Chemist: 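Got a structure for you, questions after.
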Protein chains: 2
Amino acid sequence: MALEHAILVSLTERAGSGYELARRFDRSIGYFWPATHQQIYRVLRRMHDAGWVRHTEIAQDGRPDKKVYRVSAAGKAELARWLAEPEDPAVLRDGLGVKLRGASLGDPGVVLTEVERHRAEHAGRLAVYRGIQRRDFPEPATLHGRDLHQHLVLRGGIRAEESFVDWCDEVIDALRKDLS
Amino acid sequence: MALEHAILVSLTERAGSGYELARRFDRSIGYFWPATHQQIYRVLRRMHDAGWVRHTEIAQDGRPDKKVYRVSAAGKAELARWLAEPEDPAVLRDGLGVKLRGASLGDPGVVLTEVERHRAEHAGRLAVYRGIQRRDFPEPATLHGRDLHQHLVLRGGIRAEESFVDWCDEVIDALRKDLS
DNA sequence: AGGTGCACTGCAACGCGTTGCATAGGTAGC
DNA sequence: GCTACCTATGCAACGCGTTGCAGTGCACCT
(Lines give C-alpha, C1' and ligand atoms only; values in the text may rest on other atoms or scores of the structure.)
Protein backbone atom coordinates (compact mmCIF):
# COMPACT_ATOMS: atom_id res chain seq x y z
CA MET A 1 0.00 0.00 0.00
CA ALA A 2 1.18 3.43 -0.81
CA LEU A 3 -0.29 6.89 -0.76
CA GLU A 4 -0.37 6.69 -4.56
CA HIS A 5 -3.18 4.19 -4.44
CA ALA A 6 -5.25 6.10 -1.93
CA ILE A 7 -4.96 9.13 -4.21
CA LEU A 8 -5.92 7.04 -7.24
CA VAL A 9 -9.05 5.85 -5.44
CA SER A 10 -10.00 9.37 -4.42
CA LEU A 11 -9.24 10.91 -7.82
CA THR A 12 -11.15 8.21 -9.68
CA GLU A 13 -14.23 9.05 -7.64
CA ARG A 14 -13.79 12.74 -8.44
CA ALA A 15 -11.09 14.84 -10.15
CA GLY A 16 -9.50 17.51 -8.01
CA SER A 17 -6.50 19.64 -7.15
CA GLY A 18 -3.79 18.77 -4.66
CA TYR A 19 -5.34 21.14 -2.21
CA GLU A 20 -8.79 19.59 -2.58
CA LEU A 21 -7.29 16.15 -2.15
CA ALA A 22 -5.65 17.28 1.07
CA ARG A 23 -9.08 18.45 2.30
CA ARG A 24 -10.62 15.08 1.38
CA PHE A 25 -7.86 13.32 3.26
CA ASP A 26 -8.72 15.43 6.29
CA ARG A 27 -12.19 13.94 6.08
CA SER A 28 -13.26 10.58 4.67
CA ILE A 29 -10.36 8.65 3.20
CA GLY A 30 -7.77 10.15 5.54
CA TYR A 31 -9.51 8.53 8.51
CA PHE A 32 -7.93 5.33 7.29
CA TRP A 33 -4.91 6.70 5.51
CA PRO A 34 -3.87 10.13 6.80
CA ALA A 35 -1.77 12.40 4.59
CA THR A 36 -0.67 16.02 4.63
CA HIS A 37 -0.70 18.38 1.66
CA GLN A 38 3.09 18.08 1.45
CA GLN A 39 3.00 14.37 0.87
CA ILE A 40 0.14 14.73 -1.57
CA TYR A 41 1.85 17.38 -3.73
CA ARG A 42 5.05 15.37 -3.80
CA VAL A 43 3.28 12.16 -4.73
CA LEU A 44 1.06 13.84 -7.35
CA ARG A 45 4.21 15.06 -9.10
CA ARG A 46 5.62 11.56 -9.07
CA MET A 47 2.37 10.11 -10.34
CA HIS A 48 2.32 12.69 -13.11
CA ASP A 49 5.87 11.74 -14.12
CA ALA A 50 4.79 8.09 -14.16
CA GLY A 51 1.82 8.95 -16.39
CA TRP A 52 -0.83 7.84 -13.90
CA VAL A 53 -2.51 11.25 -13.76
CA ARG A 54 -2.93 14.29 -16.02
CA HIS A 55 -3.59 17.82 -14.86
CA THR A 56 -5.21 20.86 -16.39
CA GLU A 57 -4.24 24.25 -15.06
CA ILE A 58 -7.27 26.29 -14.09
CA ALA A 59 -7.02 30.04 -13.61
CA GLN A 60 -9.23 31.46 -10.88
CA ASP A 61 -9.74 35.08 -9.98
CA GLY A 62 -9.14 36.10 -6.42
CA ARG A 63 -7.42 32.79 -5.85
CA PRO A 64 -4.23 31.11 -6.96
CA ASP A 65 -4.38 28.96 -10.07
CA LYS A 66 -5.01 25.34 -9.39
CA LYS A 67 -4.09 22.12 -11.13
CA VAL A 68 -6.99 19.74 -11.42
CA TYR A 69 -5.80 16.16 -11.63
CA ARG A 70 -7.51 13.32 -13.45
CA VAL A 71 -6.61 9.64 -13.53
CA SER A 72 -5.23 8.42 -16.89
CA ALA A 73 -5.77 5.00 -18.43
CA ALA A 74 -2.37 3.97 -17.07
CA GLY A 75 -3.45 5.14 -13.62
CA LYS A 76 -6.62 3.06 -13.79
CA ALA A 77 -4.60 0.06 -14.84
CA GLU A 78 -2.22 0.58 -11.93
CA LEU A 79 -5.14 0.88 -9.52
CA ALA A 80 -6.68 -2.36 -10.78
CA ARG A 81 -3.30 -4.05 -10.53
CA TRP A 82 -2.84 -2.91 -6.94
CA LEU A 83 -6.38 -3.88 -5.94
CA ALA A 84 -5.75 -7.45 -7.08
CA GLU A 85 -2.43 -7.64 -5.21
CA PRO A 86 -2.32 -8.98 -1.66
CA GLU A 87 -1.75 -6.41 1.06
CA ASP A 88 0.18 -6.93 4.30
CA PRO A 89 -2.21 -6.82 7.27
CA ALA A 90 -1.65 -3.66 9.28
CA VAL A 91 -0.07 -3.70 12.72
CA LEU A 92 -1.14 -1.92 15.85
CA ARG A 93 1.13 1.00 16.78
CA ASP A 94 0.13 3.12 19.75
CA GLY A 95 2.47 4.87 22.14
CA LEU A 96 -0.22 4.79 24.81
CA GLY A 97 0.34 1.05 25.14
CA VAL A 98 4.03 1.64 25.77
CA LYS A 99 3.24 4.31 28.35
CA LEU A 100 0.82 2.06 30.14
CA ARG A 101 3.31 -0.75 30.13
CA GLY A 102 5.89 1.54 31.70
CA ALA A 103 3.46 3.26 34.07
CA SER A 104 5.03 1.88 37.24
CA LEU A 105 8.41 3.36 36.22
CA GLY A 106 6.95 6.86 36.48
CA ASP A 107 3.81 8.26 38.05
CA PRO A 108 0.84 5.92 37.39
CA GLY A 109 -1.54 8.78 38.24
CA VAL A 110 -0.23 10.84 35.35
CA VAL A 111 -0.63 7.88 33.02
CA LEU A 112 -4.21 7.52 34.20
CA THR A 113 -4.87 11.15 33.25
CA GLU A 114 -3.28 10.47 29.90
CA VAL A 115 -5.59 7.51 29.25
CA GLU A 116 -8.56 9.71 30.10
CA ARG A 117 -7.35 12.30 27.61
CA HIS A 118 -6.99 9.70 24.88
CA ARG A 119 -10.41 8.36 25.67
CA ALA A 120 -11.87 11.82 25.09
CA GLU A 121 -10.05 12.18 21.78
CA HIS A 122 -11.22 8.79 20.51
CA ALA A 123 -14.75 9.38 21.75
CA GLY A 124 -14.69 12.61 19.73
CA ARG A 125 -13.67 10.78 16.58
CA LEU A 126 -16.36 8.19 17.24
CA ALA A 127 -18.98 10.93 17.48
CA VAL A 128 -17.80 12.37 14.15
CA TYR A 129 -18.01 8.97 12.45
CA ARG A 130 -21.48 8.32 13.86
CA GLY A 131 -22.56 11.73 12.62
CA ILE A 132 -21.37 10.86 9.12
CA GLN A 133 -23.17 7.54 9.33
CA ARG A 134 -26.47 9.16 10.29
CA ARG A 135 -26.15 11.85 7.64
CA ASP A 136 -24.82 9.84 4.69
CA PHE A 137 -26.06 6.32 5.33
CA PRO A 138 -29.46 6.53 7.04
CA GLU A 139 -30.54 3.19 5.55
CA PRO A 140 -27.52 0.89 5.49
CA ALA A 141 -29.51 -2.20 4.52
CA THR A 142 -30.29 -0.82 1.07
CA LEU A 143 -26.72 -0.08 0.01
CA HIS A 144 -24.90 -1.64 -2.92
CA GLY A 145 -21.58 -1.32 -4.72
CA ARG A 146 -19.53 1.76 -4.04
CA ASP A 147 -21.87 3.18 -1.41
CA LEU A 148 -21.86 -0.12 0.42
CA HIS A 149 -18.05 -0.24 0.38
CA GLN A 150 -17.79 3.30 1.70
CA HIS A 151 -20.21 2.51 4.47
CA LEU A 152 -18.29 -0.62 5.43
CA VAL A 153 -15.09 1.37 5.70
CA LEU A 154 -16.85 3.84 7.96
CA ARG A 155 -18.13 0.91 10.02
CA GLY A 156 -14.52 -0.14 10.46
CA GLY A 157 -13.63 3.26 11.84
CA ILE A 158 -16.61 3.18 14.18
CA ARG A 159 -15.78 -0.29 15.46
CA ALA A 160 -12.13 0.59 16.00
CA GLU A 161 -12.95 3.73 17.97
CA GLU A 162 -15.66 2.01 19.96
CA SER A 163 -13.34 -0.74 21.00
CA PHE A 164 -10.62 1.74 21.86
CA VAL A 165 -12.98 3.74 24.06
CA ASP A 166 -14.16 0.57 25.79
CA TRP A 167 -10.57 -0.41 26.44
CA CYS A 168 -9.83 3.02 27.90
CA ASP A 169 -12.78 2.57 30.27
CA GLU A 170 -11.46 -0.80 31.37
CA VAL A 171 -8.00 0.69 31.94
CA ILE A 172 -9.31 3.75 33.80
CA ASP A 173 -11.41 1.60 36.06
CA ALA A 174 -8.57 -0.81 36.83
CA LEU A 175 -5.99 1.93 37.41
CA ARG A 176 -8.33 3.83 39.75
CA LYS A 177 -8.93 0.71 41.83
CA ASP A 178 -5.23 -0.04 41.93
CA LEU A 179 -4.32 3.48 42.97
CA SER A 180 -6.89 3.75 45.77
CA MET B 1 6.62 8.68 21.28
CA ALA B 2 9.76 7.23 19.94
CA LEU B 3 11.40 3.85 19.83
CA GLU B 4 13.85 5.14 22.45
CA HIS B 5 11.15 5.10 25.08
CA ALA B 6 9.87 1.65 24.24
CA ILE B 7 13.45 0.41 24.59
CA LEU B 8 13.87 2.23 27.90
CA VAL B 9 10.75 0.53 29.24
CA SER B 10 11.92 -2.88 28.09
CA LEU B 11 15.50 -2.41 29.33
CA THR B 12 14.37 -1.13 32.71
CA GLU B 13 12.38 -4.31 33.21
CA ARG B 14 15.41 -6.37 32.27
CA ALA B 15 18.88 -5.62 30.87
CA GLY B 16 19.68 -7.18 27.54
CA SER B 17 21.55 -7.06 24.25
CA GLY B 18 20.28 -5.53 21.04
CA TYR B 19 19.56 -8.97 19.72
CA GLU B 20 17.57 -9.94 22.82
CA LEU B 21 15.63 -6.70 22.60
CA ALA B 22 14.75 -7.49 19.01
CA ARG B 23 13.40 -10.87 20.18
CA ARG B 24 11.35 -9.16 22.91
CA PHE B 25 9.96 -6.76 20.34
CA ASP B 26 8.91 -9.76 18.29
CA ARG B 27 6.84 -10.82 21.28
CA SER B 28 5.27 -8.65 23.98
CA ILE B 29 6.13 -5.00 23.56
CA GLY B 30 6.43 -5.18 19.79
CA TYR B 31 2.75 -6.09 19.54
CA PHE B 32 2.13 -2.42 20.28
CA TRP B 33 5.31 -0.91 18.93
CA PRO B 34 6.96 -3.10 16.29
CA ALA B 35 10.66 -2.69 15.57
CA THR B 36 13.33 -4.58 13.67
CA HIS B 37 16.83 -5.32 14.87
CA GLN B 38 18.16 -2.64 12.51
CA GLN B 39 16.17 0.12 14.16
CA ILE B 40 17.05 -1.20 17.59
CA TYR B 41 20.81 -1.29 16.98
CA ARG B 42 20.76 2.17 15.48
CA VAL B 43 18.72 3.64 18.33
CA LEU B 44 20.77 1.86 21.02
CA ARG B 45 23.88 3.53 19.64
CA ARG B 46 22.16 6.91 19.78
CA MET B 47 20.94 6.27 23.30
CA HIS B 48 24.45 5.29 24.31
CA ASP B 49 25.82 8.52 22.84
CA ALA B 50 23.16 10.43 24.77
CA GLY B 51 24.16 8.64 27.99
CA TRP B 52 20.77 6.97 28.53
CA VAL B 53 22.22 3.45 28.51
CA ARG B 54 25.54 1.76 29.30
CA HIS B 55 26.74 -1.53 27.88
CA THR B 56 29.13 -4.22 29.00
CA GLU B 57 30.70 -6.45 26.39
CA ILE B 58 30.24 -10.13 27.14
CA ALA B 59 32.37 -12.75 25.44
CA GLN B 60 30.65 -16.04 24.71
CA ASP B 61 32.12 -19.19 23.27
CA GLY B 62 30.57 -20.62 20.18
CA ARG B 63 28.67 -17.38 19.76
CA PRO B 64 29.49 -13.81 18.86
CA ASP B 65 30.22 -11.42 21.70
CA LYS B 66 27.23 -9.47 22.86
CA LYS B 67 26.73 -6.07 24.41
CA VAL B 68 24.37 -6.12 27.33
CA TYR B 69 22.67 -2.78 27.81
CA ARG B 70 21.50 -1.27 31.09
CA VAL B 71 19.54 1.94 31.67
CA SER B 72 21.58 4.73 33.32
CA ALA B 73 20.26 7.30 35.78
CA ALA B 74 19.94 9.77 32.89
CA GLY B 75 17.93 7.17 31.00
CA LYS B 76 15.57 6.67 33.94
CA ALA B 77 15.11 10.42 34.20
CA GLU B 78 14.32 10.63 30.49
CA LEU B 79 11.82 7.81 30.83
CA ALA B 80 10.06 9.53 33.72
CA ARG B 81 10.04 12.79 31.77
CA TRP B 82 8.49 11.13 28.74
CA LEU B 83 5.90 9.25 30.81
CA ALA B 84 4.67 12.55 32.25
CA GLU B 85 4.48 14.19 28.82
CA PRO B 86 1.23 14.08 26.82
CA GLU B 87 1.21 11.77 23.82
CA ASP B 88 -0.63 12.34 20.55
CA PRO B 89 -3.44 9.81 20.19
CA ALA B 90 -2.61 7.30 17.49
CA VAL B 91 -4.39 7.24 14.15
CA LEU B 92 -5.79 4.31 12.26
CA ARG B 93 -3.76 3.37 9.17
CA ASP B 94 -4.82 0.33 7.25
CA GLY B 95 -4.47 -0.20 3.53
CA LEU B 96 -7.34 -2.69 3.63
CA GLY B 97 -9.72 0.21 4.20
CA VAL B 98 -8.42 1.92 1.08
CA LYS B 99 -8.78 -1.27 -0.90
CA LEU B 100 -12.32 -1.78 0.28
CA ARG B 101 -13.18 1.79 -0.54
CA GLY B 102 -11.87 1.30 -4.07
CA ALA B 103 -13.29 -2.20 -4.50
CA SER B 104 -15.75 -1.22 -7.22
CA LEU B 105 -12.88 0.17 -9.33
CA GLY B 106 -11.38 -3.30 -9.61
CA ASP B 107 -12.71 -6.77 -8.94
CA PRO B 108 -14.83 -6.80 -5.74
CA GLY B 109 -14.50 -10.58 -5.58
CA VAL B 110 -10.74 -10.30 -5.22
CA VAL B 111 -11.14 -7.71 -2.48
CA LEU B 112 -13.49 -10.09 -0.67
CA THR B 113 -10.80 -12.78 -0.77
CA GLU B 114 -8.34 -10.23 0.57
CA VAL B 115 -10.62 -9.40 3.51
CA GLU B 116 -10.90 -13.11 4.29
CA ARG B 117 -7.13 -13.40 4.27
CA HIS B 118 -6.77 -10.46 6.66
CA ARG B 119 -9.40 -11.92 8.89
CA ALA B 120 -7.37 -15.11 9.19
CA GLU B 121 -4.22 -13.17 10.02
CA HIS B 122 -5.91 -11.10 12.73
CA ALA B 123 -7.69 -14.15 14.13
CA GLY B 124 -4.25 -15.75 14.41
CA ARG B 125 -2.87 -12.83 16.37
CA LEU B 126 -5.94 -12.90 18.58
CA ALA B 127 -5.35 -16.57 19.35
CA VAL B 128 -1.75 -15.78 20.29
CA TYR B 129 -2.81 -12.98 22.64
CA ARG B 130 -5.44 -15.16 24.28
CA GLY B 131 -2.84 -17.86 24.76
CA ILE B 132 -0.56 -15.38 26.51
CA GLN B 133 -3.47 -14.25 28.66
CA ARG B 134 -4.30 -17.78 29.77
CA ARG B 135 -0.68 -18.63 30.44
CA ASP B 136 0.56 -15.44 32.11
CA PHE B 137 -2.56 -13.94 33.67
CA PRO B 138 -4.84 -16.77 34.80
CA GLU B 139 -6.33 -14.63 37.57
CA PRO B 140 -6.64 -11.07 36.25
CA ALA B 141 -8.67 -9.83 39.23
CA THR B 142 -5.74 -10.22 41.59
CA LEU B 143 -3.22 -8.16 39.63
CA HIS B 144 -1.55 -4.96 40.81
CA GLY B 145 1.10 -2.52 39.63
CA ARG B 146 3.36 -3.63 36.81
CA ASP B 147 1.60 -6.95 36.23
CA LEU B 148 -1.74 -5.18 36.06
CA HIS B 149 -0.38 -2.70 33.51
CA GLN B 150 1.04 -5.45 31.36
CA HIS B 151 -2.23 -7.29 31.44
CA LEU B 152 -4.16 -4.16 30.49
CA VAL B 153 -1.92 -3.63 27.48
CA LEU B 154 -2.54 -7.20 26.42
CA ARG B 155 -6.28 -6.59 26.86
CA GLY B 156 -5.91 -3.70 24.42
CA GLY B 157 -4.38 -5.98 21.85
CA ILE B 158 -7.11 -8.55 22.36
CA ARG B 159 -9.88 -5.97 22.06
CA ALA B 160 -8.35 -4.45 18.92
CA GLU B 161 -8.00 -7.81 17.20
CA GLU B 162 -11.47 -8.94 18.28
CA SER B 163 -13.04 -5.85 16.87
CA PHE B 164 -11.07 -6.15 13.65
CA VAL B 165 -12.16 -9.75 13.18
CA ASP B 166 -15.79 -8.79 13.86
CA TRP B 167 -15.53 -6.03 11.28
CA CYS B 168 -14.09 -8.46 8.74
CA ASP B 169 -17.07 -10.76 9.33
CA GLU B 170 -19.45 -7.88 8.76
CA VAL B 171 -17.64 -6.93 5.55
CA ILE B 172 -17.44 -10.50 4.26
CA ASP B 173 -21.14 -11.02 4.88
CA ALA B 174 -22.13 -7.77 3.20
CA LEU B 175 -19.86 -8.27 0.18
CA ARG B 176 -21.11 -11.83 -0.36
CA LYS B 177 -24.71 -10.69 -0.32
CA ASP B 178 -23.92 -7.82 -2.68
CA LEU B 179 -22.08 -10.08 -5.11
CA SER B 180 -24.76 -12.75 -5.31
C1' DA C 1 -5.12 49.66 9.84
C1' DG C 2 -3.81 45.29 11.40
C1' DG C 3 -4.39 40.50 12.37
C1' DT C 4 -6.26 36.03 11.33
C1' DG C 5 -7.76 32.57 8.36
C1' DC C 6 -8.52 30.44 3.86
C1' DA C 7 -7.15 28.91 -0.84
C1' DC C 8 -3.18 27.25 -3.54
C1' DT C 9 1.36 25.72 -4.65
C1' DG C 10 5.81 24.45 -3.48
C1' DC C 11 11.03 23.76 -1.40
C1' DA C 12 14.31 21.97 2.01
C1' DA C 13 15.73 19.18 5.73
C1' DC C 14 15.41 15.68 8.96
C1' DG C 15 14.24 11.32 11.01
C1' DC C 16 11.93 6.96 11.14
C1' DG C 17 11.12 2.51 9.00
C1' DT C 18 12.33 -0.94 5.55
C1' DT C 19 15.25 -3.83 2.71
C1' DG C 20 19.30 -5.89 1.20
C1' DC C 21 23.61 -7.20 2.36
C1' DA C 22 27.96 -8.73 5.12
C1' DT C 23 30.41 -11.44 8.60
C1' DA C 24 31.07 -15.53 11.39
C1' DG C 25 30.83 -19.74 14.00
C1' DG C 26 27.48 -23.36 15.89
C1' DT C 27 23.71 -26.60 15.46
C1' DA C 28 20.49 -29.54 13.11
C1' DG C 29 18.48 -32.06 9.42
C1' DC C 30 18.71 -34.46 4.69
C1' DG D 1 28.81 -32.86 2.56
C1' DC D 2 25.23 -29.41 1.74
C1' DT D 3 21.64 -26.49 3.14
C1' DA D 4 19.41 -23.99 6.46
C1' DC D 5 18.61 -21.70 10.56
C1' DC D 6 20.16 -19.43 15.04
C1' DT D 7 22.98 -16.04 17.65
C1' DA D 8 25.04 -11.52 17.24
C1' DT D 9 26.33 -7.00 15.28
C1' DG D 10 26.40 -3.78 11.85
C1' DC D 11 26.57 -0.76 7.10
C1' DA D 12 24.38 1.53 3.19
C1' DA D 13 20.58 3.20 0.65
C1' DC D 14 16.04 4.41 -0.15
C1' DG D 15 11.46 6.13 0.65
C1' DC D 16 7.79 7.73 3.51
C1' DG D 17 6.12 11.05 6.90
C1' DT D 18 6.79 15.34 9.46
C1' DT D 19 7.96 20.10 10.24
C1' DG D 20 9.19 24.61 9.11
C1' DC D 21 9.11 27.94 5.83
C1' DA D 22 7.72 30.96 1.69
C1' DG D 23 4.67 33.66 -1.39
C1' DT D 24 0.19 35.58 -3.09
C1' DG D 25 -4.31 37.53 -2.68
C1' DC D 26 -9.00 37.73 -0.90
C1' DA D 27 -12.38 37.92 3.06
C1' DC D 28 -13.59 38.84 7.62
C1' DC D 29 -13.25 40.59 12.24
C1' DT D 30 -11.76 44.05 15.60
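Keep in mind the model is a prediction, meaning the values are calculated, not measured. So that the names make sense, note that chain A is the first sequence line, chain B the second, and so on, each numbered from 1. Atoms considered below: every heavy atom in the structure, side chains included; atoms not considered: hydrogens, waters and symmetry mates.
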Chemist: Could you state the atom-to-atom distance from OH of A:Tyr41 to P of D:dG17 in whole Å?
Modeler: 17 Å
Chemist: Whole angstrom is fine here: how far is it from CZ in A:Arg24 over to C1' in C:dA7?
Modeler: 15 Å
Chemist: Any side-chain N or O of A:Ser17 less than 4.0 Å from the OP1 or OP2 oxygen of C:dA7?
Modeler: no
Chemist: Within the 4.0 Å heavy-atom criterion, would you say A:Arg23 contacts the bases, only the backbone, or no part of the nucleic acid?
Modeler: nothing
Chemist: How long is the line joining CZ of A:Arg45 and P of D:dC16, in whole Å?
Modeler: 16 Å
Chemist: In sequence, state the C-alpha distance, the side-chain angles, and the governing distance for B:Glu121 and B:Arg117, and then conclude on salt bridge (Lys or Arg N to Asp or Glu O under 4.0 Å).
Modeler: CA-CA 6 Å; B:Glu121 166 73 26; B:Arg117 208 171 58 80; over 6 Å; no
Chemist: If you group Ile, Leu, Val, Met, Phe, Trp and Tyr by side-chain heavy-atom gaps below 4.5 Å, do A:Phe32 and A:Leu126 land in one group?
Modeler: yes
Chemist: Answer with yes or no whether B:Gln38 presents, from its side chain, a donor or acceptor under 3.5 Å of a partner atom in the base of C:dG17.
Modeler: no
Chemist: Please confirm whether the shortest side-chain N or O distance from B:Thr36 to OP1 or OP2 of C:dT19 is below 4.0 Å.
Modeler: no
Chemist: Specify the separation, in whole Å, of atom CZ of B:Arg42 and atom C1' of C:dG15.
Modeler: 8 Å
Chemist: Could you state the CD-C1' distance from B:Gln39 to D:dG17, rounded to the nearest angstrom?
Modeler: 14 Å
Chemist: Indicate yes or no: does A:Arg125 engage A:Glu162 in a salt bridge with an N to O separation below 4.0 Å.
Modeler: no
Chemist: Which whole-number value in Å describes the distance from B:Lys67 NZ to D:dT7 C1'?
Modeler: 15 Å
Chemist: Quickly work out the A:Glu20 CD to C:dC6 C1' distance and round it to whole Å.
Modeler: 14 Å
Chemist: For A:Arg46 and for B:Gly18, find the nucleotide of DNA chain D with the closest heavy atom, then tell me which residue's nucleotide is more 5'.
Modeler: B:Gly18
Chemist: Which of these nucleotides, D:dG17, C:dT9, C:dG17, is closest to any side-chain atom of A:Trp33?
Modeler: D:dG17
Chemist: Within 45° of the ring axis of A:Tyr19 and under 6.0 Å from its six-membered ring centre, is that where the NZ or CZ of A:Arg23 lies?
Modeler: yes
Chemist: Please list, chain by chain and in numerical order, all residues satisfying salt bridge (Lys or Arg N to Asp or Glu O under 4.0 Å) with A:Arg54, sequence neighbours excluded.
Modeler: none
Chemist: If you find the nucleotide of DNA chain C closest to A:Asp88 and the one closest to B:Val43, which residue's nucleotide is nearer the 5' end?
Modeler: B:Val43
Chemist: Can you measure B:Tyr19 atom OH to D:dG10 atom C1' for me and round it to whole angstrom units?
Modeler: 14 Å
